[in-house]
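First the structure, in the form of structure tokens, and then the observations on it.
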Amino acid sequence: MGETSQTIVVAGGSLAGHTVVTELERHGFAGQIVWVRGREGTAPYSRPALSKELIQGKVTAETIRLPVPQPYGPRVRIMDGAVCAGLDPHADRVLVSQPGLSERWIDFDALFVCTGTHARVPEAFAGLPGVHSLRTLADAERIRERLAVRPRTVVVGAGLVGSEMAASLRSCGLPVELIVQGQLPMEAVFGAELGRFCLERHHANGVTTRLGTTVTALTAEGPVTLTYDDGESSTADMVVLGLGAVTSCDWLDGCGLDLSDGLGCDETLRTARPNILAAGDVANWRHPLFGHRMRVEHWSNASAQARHAVESWLAGQEGRQPPAFADVPYFWSDQYGLKYQMVGHARGHDEVHVEEAGAGGYPFVTYLREGRIVAAAGVNAPRAVMRMKARIQADLTASPAGSTPAGGVPAGDPPAGDSTSEEVYAR
């Protein structure tokens, strides 16, 4: 498959980039693949393990490496430590920067943008001793090294990463305080019902919390001092920031593509230039079933989108109409021996139903919009969640949310810049 003279550049070395490369190899692409894997300079790995199993010492850096189905072929050129620094879309070339070498332009026939996101760190907090963010393997290993001295830790931010970090550090026996900007942890993701359950779990496991609190200043002279918006302060031996993520697409500034929230794509994951496609955390596309644009930072989405982006490109090469990407989002979170799972897209819901499911009788929540179930979430209820995923997919396929349901109005697009990130780190 493919012309031997063609060159494909894959920008990004995490799951989405890894999947694009392996899919191209699986389909027998005969040209050259230039894989620009990013500054980490390491082979791809399972990012969800960072805030859980790796921090807890249950796995190592080697055991979370992503498997390679077969050795990469001789036409795959891997550039570790290199990043894409610019794009000339009219000449179909990308500028690549690599330490110790001069920047150089690489021509391409197709470009897959899989550069993902990086941790959101306020400039005033960056580089302070004892203050850590968690996005990369190196970040997790630095935090793990500190645990030997049993530091008193403050986790700032109570989305999925912050909540997982608090749970993992408590499982290691550390004293932990969790700073919750809203009133409930993970509320932005799950809503108040599961947010209250999560708060109870933290308290039952010995985590102290500050609710409705924002950190206004950090100083690192000896212990780290945190100052809060209510005028109070506290100290910690280690601070972990879980403040969400920022899309890594600054290198595309000025190239004429839609960068309003990530990289804008159509329903097939192609950008305004059909030979430039996106997958993973950075991709912002109009979901054909939910009827609006979204950007999803879930691990399962990254691999599914990467496979679909390759299929879209292949369809274009063969003169076929590329298919729309219509997977129902799914993610999970492990905390204190419990598995939280969510399917669908709850933003804009106007009705919530709460019941019990699974052997433990834990909460199971369904989210409705205009009488239609658009999402579901549960604790230790995998069968119920997966059944609901199939139902949401079937219902929306039969009557997409962008259409006008009986007695309703079209959903329309959300405000510019809206996304589903909510501190969800590519799970």
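The chain is numbered in sequence order, starting from 1.
Under the 3.5 Å distance criterion, the side-chain polar atoms of S14 are left unmatched by any main-chain donor or acceptor of A16. Panel note: side chain Q393, backbone A326; a donor-acceptor pair is recorded below 3.5 Å. Remark: side-chain polar atoms of N284 are not paired, donor with acceptor, to backbone N or O of G262 under 3.5 angstrom. A distance-only check finds a donor-acceptor pair linking the side chain of S300 to the backbone of Y330 [under 3.5 Å]. Here the side chain of R150 pairs a donor or acceptor atom with the backbone of G173 at under 3.5 angstrom.
No donor-acceptor contact under 3.5 angstrom links the side chains of R201 and S163, judged on distance only. Inspection of the S133 and R120 side chains reveals no N or O donor paired with an N or O acceptor under 3.5 Å. Side chains of Q335 and S333: a donor-acceptor N/O pair is present below 3.5 angstrom, by distance only. For the residue pair T268/R270, the side-chain donor-acceptor check at 3.5 Å is satisfied.
Between atom CG of residue N301 and atom CE of residue M294 there is a gap of 9.5 Å, rounded to the nearest 0.5 Å. Here R295 contributes atom CZ and D261 contributes atom CG; the two are 4.5 Å apart, rounded to the nearest 0.5 Å. Note that CD1 of I64 is 9.5 Å distant from CZ of R47, once rounded to the nearest 0.5 Å. Going from atom CD of E351 over to atom CD1 of I373 covers 9.5 Å, rounded to the nearest 0.5 Å. Between atom CD of residue E53 and atom OG of residue S46 there is a gap of 7.5 Å, rounded to the nearest 0.5 Å. With values rounded to the nearest 0.5 angstrom, H308 atom NE2 is found 15.0 Å from W313 atom CH2.
V365 places none of its side-chain heavy atoms less than 4.5 Å from the side chain of F190. Between W251 and L95 there is no side-chain heavy-atom pair separated by less than 4.5 Å. The shortest side-chain heavy-atom distance between M238 and L147 falls under the 4.5 Å cut-off. Annotation: side chain of L137 is in contact with side chain of L50 (closest heavy-atom distance under 4.5 Å). Annotation: side chain of F108 is in contact with side chain of I276 (closest heavy-atom distance under 4.5 Å). In this structure, V343 and M386 have side chains that are in contact, with non-hydrogen atoms separated by less than 4.5 Å. You'll find the side chain of V156 reaches within 4.5 Å of the side chain of L226, heavy atoms only. With contacts defined as side-chain heavy-atom distances shorter than 4.5 Å, the pair S168/K58 does not qualify.
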Show your working on side chain to side chain contact (heavy atoms under 4.5 Å, CB included) between L169 and I55 and close with a plain yes or no.
CA-CA 7 Å; L169 293 170; I55 290 296; 4.1 Å; yes

Checking Y340 against C198 for the side chain to side chain contact (heavy atoms under 4.5 Å, CB included) test, could you report, in this order, the C-alpha distance in whole Å, the side-chain angles of both residues, the deciding distance, and whether it holds?
CA-CA 10 Å; Y340 297 76; C198 179; 3.9 Å; yes

Step by step, work out the side chain to side chain contact (heavy atoms under 4.5 Å, CB included) result for L194 and M186.
CA-CA 8 Å; L194 282 181; M186 301 201 302; over 6 Å; no

K52 and D334: CA distance, side-chain angles, deciding distance, salt bridge (Lys or Arg N to Asp or Glu O under 4.0 Å) verdict:
CA-CA 7 Å; K52 299 183 285 290; D334 297 320; 5.1 Å; no

What do the steps show when you test H287 against H345 for side chain to side chain contact (heavy atoms under 4.5 Å, CB included), and what is the final call?
CA-CA 10 Å; H287 198 295; H345 190 61; over 6 Å; no

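Taking the centre of each ring, F197 and F364 stay at or above the 6.0 Å mark.
When all heavy atoms are compared, the tightest approach of D281 to G116 is CB-CA, 3.9 Å. The shortest heavy-atom contact between A306 and T19 is CB-CB, 3.5 Å. Summarising the geometry of A245 relative to E297, their closest heavy-atom pair is CB-OE1, 3.8 Å, with the distance given to 0.1 Å. Counting all heavy atoms, side chain and backbone alike, P400 lies closest to P288 at CB-O, 3.6 Å. Across all their heavy atoms, R37 and D80 have their closest contact at NE-OD1, 2.6 Å. Closest approach of L87 and R93 over heavy atoms only: CD1-O, 3.4 Å.
Applying the salt bridge (charged side-chain N to carboxylate O under 4.0 Å, His left out) criterion to R142, with sequence neighbours excluded, gives D139. A search for side chain to side chain donor-acceptor pair (under 3.5 Å) contacts involving E25 returns nothing, not counting sequence neighbours. For D237, there are no salt bridge (charged side-chain N to carboxylate O under 4.0 Å, His left out) partners at least two apart in sequence or on another chain. Residues forming a side chain to side chain donor-acceptor pair (under 3.5 Å) with E177 (at least two apart in sequence, or on another chain): R152, R210. Remark: Y228 engages no residue in a ring pair (Phe, Tyr, Trp, His ring centres under 6.0 Å) (not counting sequence neighbours). When the ring pair (Phe, Tyr, Trp, His ring centres under 6.0 Å) test is applied to H18, no partner is found at least two apart in sequence or on another chain. The side chain to side chain donor-acceptor pair (under 3.5 Å) check on E40 picks up Y45, with sequence neighbours excluded. Legend: residues meeting salt bridge (charged side-chain N to carboxylate O under 4.0 Å, His left out) with R391, ordered by chain and number and at least two apart, are D395. With sequence neighbours left out, E23 forms a salt bridge (charged side-chain N to carboxylate O under 4.0 Å, His left out) with R26. Residues meeting the ring pair (Phe, Tyr, Trp, His ring centres under 6.0 Å) test with W35, sequence neighbours left out: Y72. Shown here are the ring pair (Phe, Tyr, Trp, His ring centres under 6.0 Å) partners of Y367, two or more places apart in sequence or in another chain: H349.
Residues D258 and R286 are not paired through a salt bridge, judged by the lack of any N-O separation under 4.0 Å between the basic side chain and the carboxylate. Taking the charged nitrogens against the carboxylate oxygens, D350 and R369 have no contact shorter than 4.0 Å, which rules out a salt bridge.
A side-chain contact (heavy atoms from CB on, under 4.5 Å) with I33 is found for exactly one of T7, L24, V20, namely L24.
Ring geometry, F290 versus H292: the interplanar angle falls from 30° to 60°, so the pair is classed tilted.
Annotation for R144: atom CZ counts as buried by contact number, over 12 foreign heavy atoms lying within 6.0 Å.
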Could you pull out all donor-acceptor pairs under 3.5 Å where a side-chain atom in residues 211-218 meets a protein atom, sequence neighbours excluded?
| unit_1 | atom_1 | unit_2 | atom_2 | d |
| --- | --- | --- | --- | --- |
| T213 | OG1 | L211 | O | 3.1 |
| T216 | OG1 | T227 | O | 3.2 |

